[in-house]
Protein chains: 2
Amino acid sequence: MPSRRGPGEEPTTPERILDAALASFAGRGYDGTSLDALASGLAIRKQTILYWFPSKEVLLEAVTDRSAAELSDVLETALVEAGSGWGRIEAVVRSVFRLAVRRPELIGLVREMSRIGPPAATRFVADLEPLVARASAFLEAEMDAGHMRRHQPRLLLLAIYSTVIGMLTEVEVLRVFGEEPTARSLVRRRAEILDLLRSALLTEGD
Amino acid sequence: MPSRRGPGEEPTTPERILDAALASFAGRGYDGTSLDALASGLAIRKQTILYWFPSKEVLLEAVTDRSAAELSDVLETALVEAGSGWGRIEAVVRSVFRLAVRRPELIGLVREMSRIGPPAATRFVADLEPLVARASAFLEAEMDAGHMRRHQPRLLLLAIYSTVIGMLTEVEVLRVFGEEPTARSLVRRRAEILDLLRSALLTEGD
DNA sequence: CGATCTGTCTACCATATGGTAAGTGACCGG
DNA sequence: CCGGTCACTTACCATATGGTAGACAGATCG
């Protein structure tokens with residue numbers, strides 16, 4: 001995997017390929033992405049892609065590996081920096097929302113992987129398992145501390161996850177709901193859904 | 001569009017095609033579905049499909065039209081039969097869950113349509129708009145009657161929708177959450193998420 | 001300077017795909 | 001019995017796709 005680049009440096013060719021592939025896999029799907037289209041968007045030839053990634057499947061693996069690492073990074077940071085009580089939970093959920101707004105391709109990729117299924121998805125899911133375990137442990141600790149109602153932590157993660165998925169990837173659905181999904185309305189919606197989760201999760205005494 | 005068939009009659013060829021196409025579009029995606037594979041699954045030739053539906057795109061339209069009609073039917077029935085108060089809301093949400101369990105392809109299709117985007121998705125979304133308006137009106141009436149907290153009704157619909165999507169289509173994600181998604185666990189999860197929504201939506205006096 | 005390696009390109013291939021044209025057998029009204 | 005329609009087939013086609021083979025230019029190094 002190419003090493004993470006600094007803000008000033010221009011991306012290397014394999015990095016540019018990974019960026020474009022992530023966007024395309026998330027947006028048009030794996031099957032809907034052709035190496036030719038990918039290459040032409042980068043003003044290179046398809047064979048250059050196959051030089052760096054010997055097959056489309058390997059390219060997908062590289063994309064998922066890098067994305068899983070980024071997802072893990074963001075949530076790990078949020079978990080470490082979080083305060084205590086509801087504010088702590090809120091901070092973590094908010095960091096997920098922020099990530100989804102900043103890098104919607106990552107959410108789109110998760111959705112796409114769930115559709116592709118094994119073996120590619122199995123690998124992705126294995127990459128993410130430590131993250132899920134970590135987040136579950138966090139939620140469980142908050143329950144033990146009485147900061148939130150008793151729920152199965154992984155069930156809660158699923159609720160949060162599916163909310164994020166629903167909010168940020170189903171653009172057409174948002175439209176039928178009568179709103180142009182602008183950045184502004186997304187932020188407002190985020191806040192409202194956070195309230196929704198809040199009232200569902202909070203303990204009585206909060 | 002072929003007319004709905006009764007329980008005893010065997011399906012006509014175009015109906016069988018629509019059934020298989022719905023399952024495949026929802027499962028493997030539009031791009032991931034080839035007419036050849038579709039046909040071979042039905043033990044017919046691809047040209048028979050093209051005889052009934054002159055192109056793959058028209059087939060998709062036929063599938064979405066029929067699916068939108070079925071979604072509308074189910075929810076309309078639920079809205080009409082619902083009682084009053086929270087029980088009424090619960091009955092409607094439950095009918096959505098039931099539909100999603102019984103016909104997961106419908107949910108998968110919604111997800112796929114949101115990925116495909118215009119123009120196919122626009123048509124689907126237009127077909128569903130009356131349903132969404134109806135459901136919004138229902139929720140708004142419940143708010144007026146004081147049966148639930150004030151929220152934007154379409155926002156609530158989105159929350160319910162995304163929960164259903166997350167629950168019933170992200171099978172791989174369920175797996176990483178440590179559970180084999182059996183019918184039994186899905187039912188239990190449904191109940192728990194219904195509780196989650198309940199506590200989020202209920203008015204204080206309930 | 002010459003050999004080698006690295007990154008990208010041109011040329012090509014086998015296969016799969018959506019779609020067209022035309023044929024075939026069964027049924028059906030006259 | 002016969003012409004026509006219906007449902008479906010075989011035969012075919014143009015294009016797009018993932019992937020291979022090998023050429024070529026520039027940098028690197030002895």
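Per chain, numbering begins at 1; letters A, B, ... match sequence-line order.
Sorted by first and then second residue, the pairs that involve residues 28-37 of chain A and meet salt bridge (Lys or Arg N to Asp or Glu O under 4.0 Å), not counting sequence neighbours, are Asp31(A)-Arg115(A), Asp36(A)-Lys46(A).
Within a 6.0 Å radius of CD in Glu57(B), no more than 12 heavy atoms belonging to other residues, nucleotides or ligands are found.
In terms of heavy-atom proximity, Arg111(B) sits nearest to Ser114(B) at O-OG, 2.7 Å. Listed here is the closest heavy atom pair of Pro14(A) and Phe53(A): O-CZ, 3.9 Å. Summarising the geometry of Thr48(A) relative to Ile17(A), their closest heavy-atom pair is O-CD1, 4.3 Å, with the distance given to 0.1 Å. Taking each heavy atom of Ser24(B) and Thr33(B) in turn, the nearest pair found is OG-OG1, 2.7 Å.
We find that OH of Tyr51(A) is positioned 17 Å from P of dT10(C), with the value rounded to whole Å. One interatomic measurement links the two molecules: CG of Leu50(B) to P of dT20(C), which rounds to 8 Å at whole-angstrom precision.
The outermost nucleotides of DNA chain D lying under 4.0 Å from heavy atoms of chain A, listed 5' to 3', are dT17(D) to dA21(D).
At least one side-chain nitrogen or oxygen of Thr48(A) sits closer than 4.0 Å to the OP1 or OP2 atom of dC9(C).
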| Going through the checks in order, is the salt bridge (Lys or Arg N to Asp or Glu O under 4.0 Å) test met by Arg66(B) and Asp127(B)? | CA-CA 10 Å; Arg66(B) 205 186 56 160; Asp127(B) 286 348; over 6 Å; no
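Interatomic distance, OH of Tyr30(B) versus CE of Met113(B), reported as 9.5 Å (0.5 Å rounding).
For the contact set between residues 28-47 of chain A and DNA chain D, defined by any heavy atom under 4.0 Å, the members are Thr33(A), Ser34(A), Leu35(A), Lys46(A), Gln47(A).
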